[in-house]
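Here the structure comes first, spelled out in structure tokens, and everything after it is commentary.
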Amino acid sequence: MSSEGKPRADQLLTIGELTQRSGLAASALRFYEREGLISATRTAGGQRRYERAVLRRLAFIRAARSVGLSLDEVRAAMEGLPSARTPTRADWTAISRSWSQRLDEQIEALTALRDKLDSCIGCGCLSLARCRISNPEDSVAALGPGAAYLPAALRRPASS
Ligand code: FES
């Protein structure tokens with residue numbers, strides 16, 4: 001770090017270095033930047049430069065996506081941090097604890113879906129009158145547009 005607290009130019013990562021260190025494609029990094037999840041400065045020539053803390057943000061994003069969070073939810077989690085900073089170890093502990101409950105709900109919803117599917121295996125009727133997968137309790141119309149056949153815990157906004 002420089003004496004002003006900002007990283008020196010030689011401490012910043014190029015996009016190539018960041019792809020190598022993170023395992024993410026350059027296109028993914030540019031996408032996350034457009035989505036406001038990471039940021040980069042630009043050299044005089046317009047090339048991106050990233051602070052090393054971006055690696056931790058990317059690890060957070062990847063973990064969140066693995067749990068099934070949408071980009072909007074990842075953004076909200078980051079924005080919920082003081083000064084929208086990079087998650088610290090303590091932040092990660094608290095946030096991942098909340099995700100554990102979310103995973104439990106997803107597992108429960110998938111288990112229920114699997115149990116309903118059991119009665120469909122070998123059937124093939126897709127009857128609106130009796131198939132609990134194709135029209136569970138005739139409630140499809142009330143669910144609105146989108147992936148209405150998935151349990152609510154597994155549905156995400158179409159934009160993410
Ligand atoms: S396909 Fe026949 S009950 Fe679901």
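Being a predicted model, the structure only gives us computed values, none of them experimental. All values below were derived from every heavy atom in this structure, side-chain atoms included, with hydrogens, water molecules and symmetry-related copies excluded. Each ligand, and each atom within it, is numbered from 1 in the order the structure gives.
- Close approach of ligand 1 to Cys120 (heavy-atom distance below 4.0 Å) involves ligand atoms 1 (S), 3 (S), 4 (Fe).
- For Cys131, every N, O or S atom stays at 2.8 Å or more from atom 2 (Fe) of ligand 1.
- Taking CD of Gln106 as the start and CG of Leu113 as the end, the distance is 12.5 Å to the nearest 0.5 Å.
- By the 4.0 Å heavy-atom criterion, Gly124 is counted among the residues contacting ligand 1.
- To the nearest 0.5 Å, atom OG of residue Ser119 and atom CZ of residue Arg132 are 5.5 Å apart.
- Residue contact check for ligand 1: Leu126 places a non-hydrogen atom closer than 4.0 Å to it.
- Distances below 4.0 Å separate heavy atoms of Cys125 from the following atoms of ligand 1: 1 (S), 2 (Fe), 3 (S).
- Within the 3.5 Å criterion, the main-chain N or O of Val74 finds no donor-acceptor partner in the side chain of Arg65.
- A distance of 12.5 Å separates CG in Asp118 from SG in Cys123, rounded to the nearest 0.5 Å.
- Of all atoms in ligand 1, listed by their number and element, those nearer than 4.0 Å to a heavy atom of Cys123 are 1 (S), 2 (Fe), 3 (S).
- In this structure, Ile38 is not a member of the same hydrophobic cluster as Leu12, with clusters built from ILVMFWY side-chain heavy atoms closer than 4.5 Å.
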